[in-house]
Amino acid sequence: MLLFLKSTSGKVKQYPDEQDDNKNNINETCCTSLTVWRKSLLFSCKGFTVIGSDGSLLYRVDNYTGHPHQIILMDGSGNPIFTICKRKKLGLVDNWLIYEGEVGENCSIKTTSKKPIYSVKKNLNIMQTKLSVLAYVYGGISEKRYAYMIEGSYANRSCRILDDSRRVVAEIKKKEAINAGVSFGLSVFLLIVRSGFDSRFSMAIVLLLDQMFS
């Protein structure tokens with residue numbers, strides 16, 4: 001099954017709007033293309049499986065049931081990479097925190113000694129524009145300026161992650177089958193990560209988008 005979902009290396013797709021904004025940052029760069037499967041390899045568990053271009057198991061999530069308050073992104077061997085926690089609702093804005101490693105069952109700011117490395121806020125002011133802003137990523141809970149922004153449509157598996165200079169660092173795309181007439185649907189898609197950007201963090205963003213828009 002892993003070989004069936006095997007990805008190949010690719011390049012980040014260029015958008016006309018982005019070319020107008022950042023002509024100097026838009027030259028095609030070699031990227032890593034990962035296949036994301038919205039399914040756990042463990043029996044009776046819901047989760048995610050991420051497969052590399054060589055068919056190897058890179059990342060996994062096995063504790064994904066409905067909309068859990070805590071999600072642990074692990075490497076292929078089951079070692080925790082990030083813990084993603086949903087904060088108690090503050091007003092109308094949904095807010096998530098990303099911690100390094102594992103922080104325990106109750107990952108509240110008040111109950112853990114670890115500090116979150118990122119804070120992610122869902123954008124509620126989604127207008128009818130060509131590229132809708134889905135969420136903003138901040139470098140901690142006290143930062144005022146966002147470090148990354150996510151645009152597009154997760155429901156259509158068409159998103160891009162941009163840094164604060166509007167350079168595309170990762171992209172979510174539908175996976176095209178080699179054989180004509182075969183469709184993977186929405187359960188299998190591509191995560192394309194630009195060289196130099198952390199693919200682990202990119203996958204954490206995928207998990208957050210799934211929480212927000214599924």
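Keep in mind the model is a prediction, meaning the values are calculated, not measured.
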List the steps and the verdict of side-chain contact (heavy atoms from CB on, under 4.5 Å) for Ile172 and Val36.
CA-CA 10 Å; Ile172 298 170; Val36 180; over 6 Å; no
Using side-chain contact (heavy atoms from CB on, under 4.5 Å), reason through Cys31 and Val193 one step at a time and then give a plain yes or no.
CA-CA 5 Å; Cys31 301; Val193 184; 6.0 Å; no
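- Expressed to the nearest 0.5 Å, how far CG of Leu97 lies from NZ of Lys86 amounts to 12.0 Å.
- Contact of the Tyr118 side chain with the Phe201 side chain is registered, since non-hydrogen atoms from C-beta on lie closer than 4.5 Å.
- In this structure, the side chain of Arg194 engages the main chain of Val168 through a donor-acceptor pair within 3.5 Å.
- Between the side chain of Arg160 and the backbone N or O of Glu151 there is no donor-acceptor pair closer than 3.5 Å.
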Applying side-chain contact (heavy atoms from CB on, under 4.5 Å) to Thr83 and Lys114, what does each step give before you reach the verdict?
CA-CA 11 Å; Thr83 298; Lys114 283 192 174 182; over 6 Å; no
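- Of all heavy-atom pairs between Pro80 and Glu102, the closest is CG-OE1, 3.8 Å.
- A cation-pi contact, defined as under 6.0 Å to the ring centre and within 45° of the axis, links Lys122 to Phe213.
- The heavy-atom pair separating Ala204 from Leu73 by the smallest distance is N-CD2, 4.1 Å.
- Summarising the geometry of Ser202 relative to Ala170, their closest heavy-atom pair is OG-CB, 3.7 Å, with the distance given to 0.1 Å.
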Start with the C-alpha distance between Glu100 and Arg200, add both sets of side-chain angles, then the distance that settles salt bridge (Lys or Arg N to Asp or Glu O under 4.0 Å), and finish with yes or no.
CA-CA 11 Å; Glu100 283 189 311; Arg200 305 173 307 165; 5.6 Å; no
Run the side-chain contact (heavy atoms from CB on, under 4.5 Å) check on Met212 and Trp96 step by step: do they pass?
CA-CA 10 Å; Met212 296 175 187; Trp96 285 260; 3.6 Å; yes
Are Ser56 and Asp54 close enough, and set up right, to give a side chain to side chain donor-acceptor pair (under 3.5 Å), and what steps lead you there?
CA-CA 6 Å; Ser56 63; Asp54 59 352; 2.7 Å; yes
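- Among Ile98, Ile72, Val61, the one residue that satisfies the side-chain contact (heavy atoms from CB on, under 4.5 Å) test with Leu207 is Val61.
- Heavy-atom minimum distance, Gly152 versus Leu134: O-CD2, 3.3 Å.
- The SG atom of Cys159 sits 12.5 Å away from the NZ atom of Lys173 when rounded to the nearest 0.5 Å.
- Neither Val50 nor Leu186 shares a network with the other; the hydrophobic side chains, linked directly or stepwise wherever heavy atoms of I, L, V, M, F, W or Y lie under 4.5 Å apart, form separate groups for each.
- A side-chain donor-acceptor contact under 3.5 Å links Thr49 to the backbone of Lys39.
- With rounding to the nearest 0.5 angstrom, the CG atom of Leu208 is 14.0 Å from the NZ atom of Lys121.
- Classification of the Phe197-Tyr148 ring pair by plane angle, with boundaries at 30° and 60°, yields perpendicular.
- For the atom pair Leu58 CG and Ile51 CD1, the distance stands at 8.5 Å (nearest 0.5 Å).
- In terms of heavy-atom proximity, Leu34 sits nearest to Gly52 at CD2-CA, 4.0 Å.
- Separating the CZ atom in Arg60 from the CG atom in Asp75 is a distance of 8.0 Å, to the nearest 0.5 Å.
- Remark: Tyr154 pairs with Asp210 by the side-chain hydrogen bond (donor to acceptor under 3.5 Å, both in side chains) rule, at least two apart or across chains.
- No chain of hydrophobic side-chain contacts below 4.5 Å, direct or via other Ile, Leu, Val, Met, Phe, Trp or Tyr residues, connects Leu41 to Met74.
- One distance of note links CD1 of Ile141 with CD of Glu143; it measures 10.5 Å at 0.5 Å rounding.
- When all heavy atoms of Phe48 and Met203 are compared, the pair lying nearest together is CD2-CE, 3.9 Å.
- For the side-chain hydrogen bond (donor to acceptor under 3.5 Å, both in side chains) test, residues two or more places apart in sequence or in another chain that qualify with Tyr59 are Ser199.
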